[in-house]
Amino acid sequence: MNDTNDMKQRSARLEQMVEDLLQEAKRQGASAAEAGVSNDAGLSVTVRKGDVETIEHTRDQGLGITVYFGQRKGSASTSDLSLQAITDTVKAACNIARYTTEDSYSGLADADLMAQEIPDLDLYHPWDISVEDAIEQAIICEAAALAVDPRINNSEGASINTHNGLQVYGNSHGFVGGYPSSRHSISCAVVGQQDDSMQRDYWYSSSRLAGELQSPEEIGRIAGERTVERLGARPIGTCQVPVIFQAEMAVGLVRSLLGAIRGSALYRKSSFLLDQLEQPIFPDFVHIHENPLLQRGLSSAPFDSEGVATGPKDIVAGGVLKSYLLGSYSARKLGMQTTANAGGARNVFVDSGDQDLAGLLKTMNRGLLVTEMMGHGLNMVTGDYSRGAAGFWVENGEIQYPVEEITIAGNLKQMFRQLVAVGNDEERRGSVRTGSWLIEAMTIAGQ
Amino acid sequence: MANPTDLALNTLLAPAELKESDLDRVMDQLLANHIDAADVYFQTGRLESWVLEDGIIREGSYNIEQGVGVRAVSGEKTGFAYTDEIRLPSLLEASRTARAIAQAGQQARINVKSVATQHQLYAPISPLETMSEQEKIDLLRRLDAEARKQDPRVQQVIASLVAAHDVVLVAASDGTLCGDIRPLVRCNVHVIVEQNGRREQGSSGGGARHSFQFFLDEERALGYAREAVRQALVNLEAVDAPAGAMTVVLGPGWPGVLLHEAIGHGLEGDFNRKGTSAFSGKIGQRVAAPGCTVVDDGTLPGRRGSLNIDDEGVATQNTVLIEDGILKGYMQDKMNARLMGVQSTGNGRRESYAHLPMPRMTNTYMLPGQYNPEEIIASVDKGLYAVNFGGGQVDITSGKFVFSASEAYLIENGRITTPVKGATLIGNGPDVLTRVSMIGNDLELDSGVGTCGKEGQSVPVGVGQPTLKVDQLTVGGTSA
């Protein structure tokens with residue numbers, strides 16, 4: 001049987017399961033319901049010091065149901081997809097709904113917002129790689145890292161991962177939709193030593209399509225180079241200087257922004273960006289948009305987790321906050337419309353400026369380039385920001401030496417306003433794409 | 001009380017009509033001639049949670065999870081597969097997949113034999129049924145009312161109640177066959193307060209391997225509500241935290257997250273076998289000031305981080321990591337212990353049947369010293385007193401670790417003065433404890449809220465310590 005037919009059959013089976021769940025919910029007295037079913041299969045191979053370390057075969061499946069009795073709701077989920085489990089899970093959800101409180105904001109998203117057709121976003125490209133070939137590629141990847149420099153003397157290994165999944169969602173408006181997707185990655189982490197101190201760093205590539213991954217050799221080489229660059233790192237003195245968040249780290253700042261404009265943070269009044277819609281929160285050169293319909297995008301989805309049709313939109317335009325990220329519940333709580341962001345933001349882009357990282361370093365002249373952060377030191381309510389960091393000290397626009405055991409601190413609301421430039425060195429491996437960010441000033445604490 | 005192993009056999013094998021002899025068959029198939037060890041991990045779990053928000057019971061959910069993980073180990077190689085069907089054909093298929101790690105060869109014969117679980121650190125109960133649904137939601141409503149009555153500035157209260165019931169059974173090629181029934185309850189209260197347009201948060205909670213009665217005893221849950229409000233109100237008064245290296249006094253209990261991050265992870269067997277930890281090869285060396293003794297103890301009755309057996313069927317124990325400042329040992333699972341020529345310390349843990357076990361902490365804490373906490377504060381001219389923390393993180397290889405204070409005060413001339421905003425503290429694991437100059441006599445364990453993440457797997461843990469004075473630690477505030 002060819003793969004396309006197999007997928008169609010699997011898809012039909014899961015759709016039937018969703019229908020059965022919704023039917024069972026109705027039978028047990030629910031006035032409305034929504035259900036999701038997924039399965040996922042994968043292979044993960046890790047090689048260390050030239051030999052196999054682990055071979056993991058993963059097979060995950062699950063179903064979840066939320067039932068509404070009027071405006072009381074209950075949810076249940078299970079990894080067991082047997083017929084008996086369907087009945088039991090619906091029963092558990094109904095039992096919960098007997099005890100939750102009537103909530104006038106709860107319920108399905110409005111029927112007229114359901115996705116009418118489900119565009120093919122080209123998310124499914126299985127990687128037909130054998131265990132033997134995966135081992136060979138991982139060995140090549142790790143060897144490339146170890147060959148970078150004699151100071152690289154240990155390894156955490158290289159991994160090849162491939163996953164294929166299928167998810168189907170449906171609700172009692174009559175909506176049922178699903179799509180298959182794939183995700184593959186190659187990663188490598190090695191350890192270098194200089195004098196008595198060791199450093200570890202890594203690199204990875206991730207894509208829907210195996211052919212779009214960076215080559216194992218390239219990933220290994222970059223992992224090795226990044227590790228060597230960190231050798232000899234030391235703290236710096238406490239100071240206030242400009243900071244560049246290298247693209248990978250700038251992604252984290254964007255995620256914090258997305259967290260602060262999430263509906264749940266807003267209606268709970270636990271966001272530092274409360275009441276900022278249509279207000280300037282960045283300098284006017286900043287544009288940030290979301291495109292959930294990006295072909296082969298790593299977080300693309302034709303409909304959100306409530307079945308609402310997704311589409312591109314501006315999040316920040318000319319520095320002004322243009323949209324919150326709302327599902328139907330938070331939208332009703334805030335007296336607004338859902339933005340089809342139940343389940344989160346999907347493929348967020350920060351418009352690049354015209355400088356590459358070297359150009360940003362020149363613009364900064366003297367300050368800190370942050371390439372790694374540690375800890376979770378962000379207070380979402382106040383925006384107060386304080387995290388462990390490692391990176392490079394920059395003088396005269398050039399990297400001088402690696403830095404570690406320092407913290408960087410500020411307030412995110414201020415940091416957003418103090419954004420000087422966004423680089424064109426785009427980080428493209430995840431659901432947020434941005435270049436590096438240069439922030440005017442932050443407090444560095446060190447020795 | 002029935003033994004957990006017998007209960008687990010009844011719960012997991014009986015419904016699938018699996019017998020101990022079937023396990024022998026799976027094990028025989030797993031063991032090819034190059035396979036050093038193999039195990040099969042059965043699990044069934046129930047998780048229930050309730051959330052109150054805006055004064056109403058907004059959400060409840062119930063999760064059922066079950067499956068079997070099959071592992072075959074050959075030298076440093078591991079093959080792993082799992083299935084969510086507890087049936088013999090699925091088990092045999094998973095074991096064929098897992099053993100492909102090594103060349104098939106002649107078969108060994110294994111007979112697993114069930115043994116009673118040595119510890120009984122908690123009752124083999126399902127905590128979900130220890131309170132009616134009505135009582136659970138009534139408790140959440142009481143927490144909401146208690147928080148709001150503390151202060152009119154309380155704007156938002158989110159309270160949650162979670163119970164988990166896990167039944168596990170481990171069969172291994174060394175003959176192990178034992179099980180565990182693991183109850184776990186958790187309650188948390190989070191509040192937002194507002195004053196003149198300034199908003200702050202506070203949060204408190206606790207948990208244990210116990211019934212829900214734990215939260216009613218000593219008015220514990222009500223205490224969480226009061227504590228969350230107290231913290232939030234303190235934060236309303238907080239000024240910018242200082243920046244730079246200074247003397248830091250850490251309060252007792254939960255600030256023990258310092259030990260978890262700074263030294264705990266670095267002493268896990270896998271990193272040390274591979275030589276990637278900043279502590280690799282340091283056994284017998286001084287890594288802490290005299291007087292510092294740190295243990296990992298999985299045998300504390302009822303604690304969140306405690307287990308009767310680890311996830312490889314080994315009885316948990318009290319392992320001395322650092323004794324009077326000298327590094328004594330690592331935490332081991334079976335595989336790393338075998339490769340390093342030592343015994344497992346009962347630290348082999350996994351998030352679920354769908355994850356591979358690895359060395360993990362249980363309850364990690366420092367034993368008490370001789371000083372009154374007041375003496376310790378009085379000895380500091382200028383510094384930081386940090387009493388509550390969010391999470392932390394460590395880079396095992398460089399040894400650098402962080403942990404983030406959520407409640408802290410300045411110490412000026414031997415007195416605790418102004419509250420300061422949350423700040424991240426950063427240090428170097430192998431030498432931070434050498435800067436401990438005073439150890440309090442007030443050892444406390446945390447209230448049962450810790451969750452540790454490693455390689456994508458989460459497991460419940462505990463931490464603890466007495467009041468500690470660290471002569472120099474970098475504080476990541478904004479006030480230079």
Side-chain angles (χ1 to χ4, degrees), chain A residues 48 51-61 73-80 85 88-89 92-93 96 98-101 103 131 154 156 191 197-200 233 235 238-240 268-270 374-377 379 381-382 384 386-388 390 404-410 443 445-447, chain B residues 53 56-67 76-84 97 100-101 133-134 137 155-156 158 192 194 199-201 241 243-245 274-276 278 354 356 390-393 395 397-398 400 402-404 421-424 426-428 474-478 480:
Chain A
R48 180 170 176 267
D51 204 354
V52 179
E53 185 169 61
T54 57
I55 300 174
E56 291 186 60
H57 296 268
T58 66
R59 262 177 64 182
D60 295 292
Q61 56 180 21
K73 90 172 191 183
S75 303
S77 58
T78 179
S79 62
D80 180 359
D88 292 349
T89 308
I96 298 246
R98 291 171 56 203
Y99 297 95
T100 51
T101 318
D103 181 351
V131 170
N154 204 342
E156 286 192 353
V191 173
S197 72
M198 294 192 295
Q199 296 287 347
R200 165 200 180 274
T238 301
C239 57
Q240 276 210 320
R268 287 172 186 152
K269 297 195 185 234
S270 46
M374 289 172 77
H376 320 279
N379 182 333
V381 178
T382 59
D384 290 328
S386 166
R387 298 186 69 188
E404 67 177 0
E405 206 179 339
I406 54 163
T407 60
I408 53 174
T443 304
Q447 281 190 339
Chain B
E53 178 179 298
I56 64 171
I57 307 298
R58 183 164 110 70
E59 280 183 345
S61 67
Y62 188 85
N63 176 260
I64 306 167
E65 196 176 20
Q66 63 173 41
E76 298 187 39
K77 300 186 176 75
T78 301
F80 180 56
Y82 56 87
T83 168
D84 33 43
T97 311
I101 191 81
E133 270 69 4
Q134 193 60 48
I137 65 176
Q155 297 288 311
Q156 174 68 267
I158 300 172
I192 303 274
E194 188 169 345
R199 282 186 314 279
E200 292 286 352
Q201 61 187 341
K274 296 175 185 174
T276 57
L356 275 169
Q393 194 181 337
D395 177 331
T397 305
S398 71
K400 303 302 174 277
V402 296
F403 58 137
S404 297
K421 288 182 178 180
T424 288
I426 191 164
N428 182 38
T474 298
V475 177
T478 53

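Numbers restart at 1 for each chain; the letters A, B, ... are given by sequence-line order, proteins then strands. Bear in mind that the values here come from a model prediction, so they are computed numbers and not experimental data. Side-chain atoms are counted along with the backbone in the values below, which use heavy atoms only and exclude waters and symmetry mates.
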Interchain contact, B/Lys421 with chain A, by part (heavy-atom threshold 4.5 Å): side chain
Using modelled atom types only, decide if a donor and an acceptor are shared between the side chain of B/Thr397 and the backbone of B/Thr276 within a distance under 3.5 Å. yes
If you tally heavy-atom pairs under 4.5 Å between each of A/Ala92, A/Ser79, A/Ala85, A/Gly74 and chain B, the highest tally belongs to A/Ser79
Contact class of B/Ser404 relative to chain A, heavy atoms under 4.5 angstrom: side chain
Going from OG1 on A/Thr101 to CD1 on B/Ile57, what distance comes out if it is rounded to the nearest 0.5 angstrom? 5.0 Å
Salt bridge check: are A/Lys73 and A/Asp103 linked by an N-O gap of less than 4.0 Å? no
Go through the atoms of A/Val52 and report whether side chain, backbone, both or neither lie under 4.5 Å from a heavy atom of chain B. both
By a 4.5 Å heavy-atom criterion (distance strictly below it), what part of A/Ser197 contacts chain B: side chain, backbone, both, or neither? neither
Under a 3.5 Å cutoff, is there a donor and acceptor pairing between the side chains of A/Asn379 and B/Gln201? yes
Distance in Å, B/Phe403 CZ paired with B/Ile426 CD1, rounded so as to fall on 0.5 Å steps: 11.0 Å
Can you tell which part of A/Glu405 gets under 4.5 Å to a heavy atom of chain B, answering side chain, backbone, both or neither? both
Where do A/Asp80 and B/Gln66 land on the side-chain contact (heavy atoms from CB on, under 4.5 Å) test, with the steps shown first? CA-CA 7 Å; A/Asp80 180 359; B/Gln66 63 173 41; 4.1 Å; yes
If I measure from the heavy atoms of chain A, does B/Ala278 come under 4.5 Å with its side chain, its backbone, both, or neither? backbone
Does any backbone or side-chain atom of B/Ile56 lie under 4.5 Å from a heavy atom of chain A? Answer side chain, backbone, both or neither. both
Step-by-step side-chain contact (heavy atoms from CB on, under 4.5 Å) determination, B/Gln156 to A/Lys269: CA-CA 8 Å; B/Gln156 174 68 267; A/Lys269 297 195 185 234; 5.9 Å; no
Which one, A/Val131, A/Val191, A/Thr89, A/Thr58, leads in non-hydrogen pairs under 4.5 Å with chain B? A/Thr58
Using non-hydrogen atoms only, which part of A/Asp384 is less than 4.5 Å away from chain B: side chain, backbone, both, or neither? side chain
Greatest number of heavy atom pairs closer than 4.5 Å to chain B - which of A/Gln199, A/Glu404, A/Arg98: A/Glu404
Residue, of A/Ala93, A/Ser386, A/Ala445, A/Ala76, that accumulates the most heavy atom pairs under 4.5 Å with chain B: A/Ser386
For A/Ile408, which atoms come within 4.5 Å of any heavy atom of chain B: side chain, backbone, both, or neither? neither
Does any backbone or side-chain atom of B/Asn63 lie under 4.5 Å from a heavy atom of chain A? Answer side chain, backbone, both or neither. both
Residue B/Gln155 versus chain A: region with a heavy atom under 4.5 Å: neither
Residue pair B/Thr424 / B/Gln393, side-chain heavy-atom distance below 4.5 Å: no
Would you mind checking if A/Glu156 and B/Lys274 are paired as a salt bridge, meaning a charged N to carboxylate O distance below 4.0 Å? no
Quick check against the 3.5 Å criterion: does A/Thr443 have a side-chain atom that pairs as donor or acceptor with the backbone of B/Thr478? yes
Can you tell me which portion of A/Arg48 sits under 4.5 Å from chain B's heavy atoms? Options are side chain, backbone, both or neither. side chain
Give, as side chain, backbone, both or neither, the part of B/Glu200 having an atom under 4.5 angstrom from any heavy atom of chain A. both
If you count heavy-atom pairs under 4.5 Å with chain B, which of A/Arg200, A/Gln61, A/Arg268 comes out on top? A/Arg268
Which heavy atom in B/Tyr82 sits nearest to a heavy atom in A/Asp60, and how many Å separate them? OH-OD2, 2.8 Å
